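In what follows, a structure is listed as structure tokens, so that the remarks can point back to it.
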2 protein chains.
Amino acid sequence: MRPTLQDMASILNLSKSTVSRALAGDPRVAEATRNRVVALAERIGYRPNPIAQGLATRRTNIIGLAVPCAPRSLSDPFYLEFLGAAGDTAMRYGYSLLLSAADGDGADGYHPHMELAHSARVDGMILTEPKIQDERVGILRKMGLPFVFLGMAEDPDVSWVSGENTGGAAEAVAHLIDLGHRKIACVTGPADQTASETRFKGYREALAEAGIPLDLNIVASGDFTQIGGYQAMKSILRHDGDISAVFASNDVMAFGVMRALREAGLVIPDDVSVLGFDGIPLTQYVNPPLATVRQPISELGSAIVEVLVGQMNGKSLCPIHKVLNVEYQPAGSVAPPRCR
Amino acid sequence: MRPTLQDMASILNLSKSTVSRALAGDPRVAEATRNRVVALAERIGYRPNPIAQGLATRRTNIIGLAVPCAPRSLSDPFYLEFLGAAGDTAMRYGYSLLLSAADGDGADGYHPHMELAHSARVDGMILTEPKIQDERVGILRKMGLPFVFLGMAEDPDVSWVSGENTGGAAEAVAHLIDLGHRKIACVTGPADQTASETRFKGYREALAEAGIPLDLNIVASGDFTQIGGYQAMKSILRHDGDISAVFASNDVMAFGVMRALREAGLVIPDDVSVLGFDGIPLTQYVNPPLATVRQPISELGSAIVEVLVGQMNGKSLCPIHKVLNVEYQPAGSVAPPRCR
DNA sequence: CTAATTAATGCAACCGGTTGTATTATTCGT
DNA sequence: ACGAATAATACAACCGGTTGCATTAATTAG
């Protein structure tokens, strides 16, 4: 059996409370006593039982992470990198990440991730893929559980951390326009997600800036997966094969787009330029390398944990909205349009 | 405040124990009483506090998952898919996954993932990337904590779940040989991992079978990352540019290999064929699509959780070794060698 | 009709910590 | 030298459940 606080107390002829306080660094215990306690703990390998601590303090030091399981995310390297950074930062603050990898997007009013929230097992939650009119906000707020979104939330009272979607998309699309592209297709994400909306907005702004009318025939929505991007591109090509560039709302969909274009006999970038979003490492390893808007993925992971930790400690009661800079990253998948 | 068992008991004029037993389905409580209890629980939204349950029962219903954070894994889609399936299956069995995403591989004798194990927060652990002579085995065994490896472990007494590495690699390499390839380079994983060893063994077996001598000049080891594959391939090309095919021990490294080949002016598959391992979805989206050995990634995730759950329930005291079939998946990155 | 069973519930200890307050031992001022 | 302040530690309640055993009530057998 692992030693308990009581074991330590018995050995040292002290009370549980003194031992507990000694380990917690309470200034009330004498220096000499603390040393004895620490030495013994070291020697017999005592470690406080976090479950018992959790019961007593009502804090678990665990952060719940709601990653959408199906169909997206769990094959999107973006999330892995994000998750790694978040986990690392959490650890630095003394927290662990409890994964809620559940199917179901709450379309039926049932939010599987909220199970975790209700469970009293976590001190706070990180939510991904904020929706327009996200029902989870109400649920969590009612419970008084701190939470932070990865991605912009509509409600001004909730905290979130996001990349500069609109500006980044606008800048990248403007770059396509500068090269001479006029017919630029767009593969968006699911309409109910704020990330889809904000990136699409950047696309529209860039077109508007250049005086190019929005043509909905060359806009299709995917679901942030490779297949989704593939299918969306197919559908665009059926309507109108005469595009010279495509902006996909994330890299993974861009890969699907590239495949659809190739299957249509089009060469990238000679016939069609392709632009992604996210900046996952893989973009540099495909052929041709994918131009993209690089998000600081790891920083997003770190920042979101830091914001959440702040909320949990009650330091900042007011909501925090953090926008991290993104950067257009040119690559071989983008070139001037074919002369004609 | 969320209602407690005591609250329920007070309202119903029952004792805590009866309420607890009613909810647990103990046959000793009267049917009518149970109904009252369940109805009230439903009405006021009572949910047992898992922390308190954990303290009382000494079970947390949490599975620890040690994912190697740096440098690999957390950008390898393989792990995400695995993780998704594992999380899903865990949930089905009433468990959650606690992530240990920490740096450090124990090279200095310190294993960050073991923190989780020591914490008494988890009922069992899933370990990835088993090493040859893995020190973690001793640590966990001493604590008596159930654990299962993803990938073959040397020690016959530990449980593991793995794809058929050796056979799969041999079959795929044999396919290259059938096509006429003779000089087949190999980019292996880190030498201390069993996965590297077993896949490399398949490569050697296929060569031996065909009477082709092993040439260590065209073998280099990577670290299962894109960059690692890229650098390993570069180094092979420096020694000997005259290869006609490459077998990379995982898909992600294969992407790096492809990039290195392209930078050397070589065309895939005309000049050099490339073969990967894992079968991540992305293989079908790169150009040309990557031939690979498809592992049943989701099944690996499900199976490993099931094995672990079995161990935790003490059903099976004897170690379980589960090998899942893999399948060679041809694609455009492999073609007969250029005639000369 | 009483003793022995059985059914239903309650009591109280326990899991392993934290923390407010009481207690004892020192030290200090005057 | 004595009461007050201070330092160091102990006591005991509490967090919210689970569980062995005692208790009470109802039923059955003889």
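Keep in mind that this is a model prediction, so the values were computed, not measured. Letters go in sequence order (proteins before strands), and every chain restarts at 1.
- Annotation: of the two residues near DNA chain C, B:V19 and B:A56, the 5′-most nearest-nucleotide partner is B:V19.
- For A:R34 and D:dA7, the CZ to P distance is 14 Å, given to the nearest whole Å.
- Under the 4.5 Å side-chain criterion, counting only non-hydrogen atoms from C-beta, A:P146 is not in contact with A:D123.
- Judged by closest nucleotide on DNA chain D, A:K16 is the one of A:K16 and B:S20 placed further toward the 5' end.
- Around atom CD of B:Q133, no more than 12 heavy atoms belonging to other residues, nucleotides or ligands sit under 6.0 Å away.
- Atom CD of B:E154 sits in a crowded spot, with more than 12 heavy atoms from other residues, nucleotides or ligands closer than 6.0 Å.
- Following rounding to the nearest Å, B:L23 (CG) and D:dT18 (P) show an atom-to-atom distance of 8 Å.
- Mapping B:A30 and A:Q6 onto DNA chain C by nearest heavy atom places B:A30 at the nucleotide closer to the 5' end.
- Between B:Y79 and B:F82, the ring planes lie perpendicular to each other; the angle is over 60°, past the 30° to 60° tilted range.
- The stretch residues 37-51 of chain B does not touch DNA chain C, since none of its heavy atoms comes less than 4.0 Å from the strand.
- Among the protein residues, B:T4 comes within range of the sugar-phosphate backbone only, with heavy atoms under 4.0 Å from sugar or phosphate atoms but none that close to a base.
- Taking atom CG on A:L14 and atom P on D:dT9, their separation rounds to 7 Å, with Å as the unit.
- Distance CG (A:N13) to C1' (D:dA8): 15 Å, rounded to an integer number of Å.
- Residue contacts shown for B:R21 include a base, since a base heavy atom lies under 4.0 Å away.
- Protein chain A touches strand DNA chain C; the 5'-most and 3'-most nucleotides with an atom under 4.0 angstrom of its non-hydrogen atoms are C:dG16 to C:dT21.
- The CG atom of A:L55 sits 17 Å away from the P atom of D:dA13 (whole-angstrom rounding).
- At least one side-chain heavy atom of A:F224 sits less than 4.5 Å from a side-chain heavy atom of A:Q193.
- The residue A:T57 sits close only to the backbone: its heavy atoms come under 4.0 Å of sugar-phosphate atoms, none of a base.
- The pair A:E115-A:R121 does not meet the salt-bridge criterion, since no charged nitrogen lies less than 4.0 angstrom from a carboxylate oxygen.
- Computed from coordinates, the B:R59 CZ to D:dT19 P distance equals 11 Å when rounded to whole Å.
- A 4.5 Å side-chain heavy-atom check between B:L97 and B:I62 finds every atom pair outside the cut-off.
- Partner of A:I320 under the side chain to side chain contact (heavy atoms under 4.5 Å, CB included) criterion, chosen from A:V158, A:V307, A:V161: A:V307.
- Checked for salt-bridge contact, B:K16 and B:D7 miss the test: no charged N lies under 4.0 Å from a carboxylate O.
- If you take CE of A:M8 and P of D:dA10, they are 13 Å apart, rounded to a whole angstrom.
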